[in-house]
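Note sheet for the following structure.
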Amino acid sequence: MAKVVTLAHYYTHPEIQQMADKVGDSLELSLYAKECGADVIVFAGVRFMAETAKILNPGAKVILPDSGSTCSLVTQTDVVALKKWREEHPDYVHVSYINSSAEHKALSDWICTSRNVDDLIASIYAEGKKVIFSPDRNMGAYLNFQYGYDMPLWSAVCEVHDKFNQAALDEAFAAVSTAKYLIAHPESPLPVLQQADYVGSTSGMLNWIKTFDKEPDATIFVATEDGILYNMHQARPDLNIQQAPIYAGCQCNSCPYMKMNTIAAVERAQRGEGGIEIDYLTPELMDAARLPIERMLDFSKRYYQ
Ligand code: 13P
Ligand code: SF4
């Protein structure tokens with residue numbers, strides 16, 4: 001019998017997370033996809049994640065439940081223009097966020113995720129090298145601000161996180177009389193990140209919530225996609241955790257692509273009756289894209305263990 005493994009990102013609906021063998025952020029899911037020994041991987045996430053799983057585990061059949069599950073960081077990046085931009089910076093190391101197509105990864109020296117991007121870029125600068133960063137402009141702007149880098153940046157954004165804004169946050173903060181905190185994903189705009197008490201990946205934010213030990217009645221605003229609020233409320237039902245607003249009265253910011261993973265779509269994919277198989281990447285493209293991903297995985301193992 002074929003071993004079918006279902007993976008779900010934190011941004012999928014709670015009921016999808018409950019159907020999964022493994023729930024995690026993009027780094028955790030990539031590692032799991034590589035090592036889980038599955039014959040079939042049903043990836044309840046978005047297309048670049050399923051492609052990454054295929055690249056890391058080419059022997060497995062990888063199914064994305066809905067072919068429309070893309071990501072604005074991918075669709076806003078023209079790979080021909082990216083290649084030209086890369087060639088205009090021959091002396092730079094090209095670090096790309098994992099939210100990118102296989103063709104994009106193949107034009108990169110390193111892949112990073114929001115979990116390891118700070119340490120990975122710091123280690124490249126420590127070797128005296130210069131970095132260009134793509135595709136997320138907000139993440140790059142934050143890194144330049146936070147560490148005083150001068151990285152040339154590609155200009156794409158996450159259409160979900162880019163909606164968080166200081167005006168809506170100020171209004172929400174003013175309406176709260178308890179202590180207040182803001183935690184944010186680095187895909188959010190710089191003014192939001194500058195205001196945050198913690199900036200990190202989805203797993204990083206979840207850990208911050210799990211270990212929160214300050215005012216028990218504090219209001220914690222979370223500037224990221226709404227799926228992970230489920231995991232946060234489960235981990236700490238005692239805390240007042242709210243999604244950051246994007247305009248007055250709207251705690252409603254959610255990724256349309258992640259939410260295409262419906263129960264029916266995931267079940268069809270698990271039965272082998274639906275979804276799209278990631279079978280269109282050539283071996284040459286997968287080899288070229290795997291190199292910078294493997295570099296990142298090696299770095300993460302060396303750095304974090
Ligand atoms: P993570 O790397 O934190 O899982 O984020 C992926 C993503 O798509 C964020 O919008
Ligand atoms: Fe892409 Fe944003 Fe959706 Fe993440 S939340 S998958 S970055 S569109």
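As the structure lists them, so they are numbered: ligands from 1, and atoms in each ligand from 1.
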Looking only at atom types and distance, does a side-chain atom of Glu225 sit under 3.5 Å from a main-chain N or O of Gly227, one as donor and one as acceptor? yes
Review item, side-chain donor-acceptor pairs of residues 2-11, under 3.5 Å, at least two apart:
unit_1, atom_1, unit_2, atom_2, d
Lys3, NZ, Cys36, O, 2.7
Thr6, OG1, Gln270, NE2, 2.8
His9, ND1, Tyr11, N, 3.1
Tyr11, OH, Thr224, OG1, 2.8

Under 3.5 Å, side chain of Asp287 to main-chain N/O of Leu285, donor-acceptor pair present? no
Ring centers of Phe212, Tyr181 separated by less than 6.0 Å: yes
Please confirm whether the backbone N or O of Ser108 pairs with a side-chain atom of Ser96, one donor and one acceptor, at under 3.5 Å? no
Could you verify whether a donor N or O on one side chain and an acceptor N or O on the other, from Tyr32 and Asp21, lie under 3.5 Å apart? no
In terms of ring plane angle, is the pair Tyr142 and Phe145 parallel, tilted or perpendicular, where the classes change at 30° and 60°? tilted
Exactly which residues line ligand 1, taking a heavy atom under 4.0 Å from it as the test? His9, Tyr11, Asp25, Ser26, Tyr97, Asn99, Ser114, His161, His185, Glu187, Ser201, Thr202
Protein N, O or S within less than 2.8 Å of atom 3 (Fe) of ligand 2, waters excluded: Cys255 SG
For His161 and His185, take the angle between the two ring planes, folded into 0 to 90°, and tell me which bin it lands in: parallel under 30, tilted 30 to 60, perpendicular over 60. tilted
May I have the list of side-chain donor-acceptor pairs in residues 271-280 shorter than 3.5 Å, sequence neighbours left out?
unit_1, atom_1, unit_2, atom_2, d
Arg271, NE, Glu273, OE1, 2.9
Arg271, NH2, Glu273, OE1, 3.2
Tyr280, OH, Arg47, NH1, 2.9
Tyr280, OH, Glu51, OE2, 2.6

Using a strict cut-off of 4.0 Å, indicate which atoms of ligand 2 neighbour a heavy atom of Glu187. 2 (Fe), 7 (S)
Do Thr178 and Glu215 have side-chain N/O donor and acceptor atoms under 3.5 Å apart? no
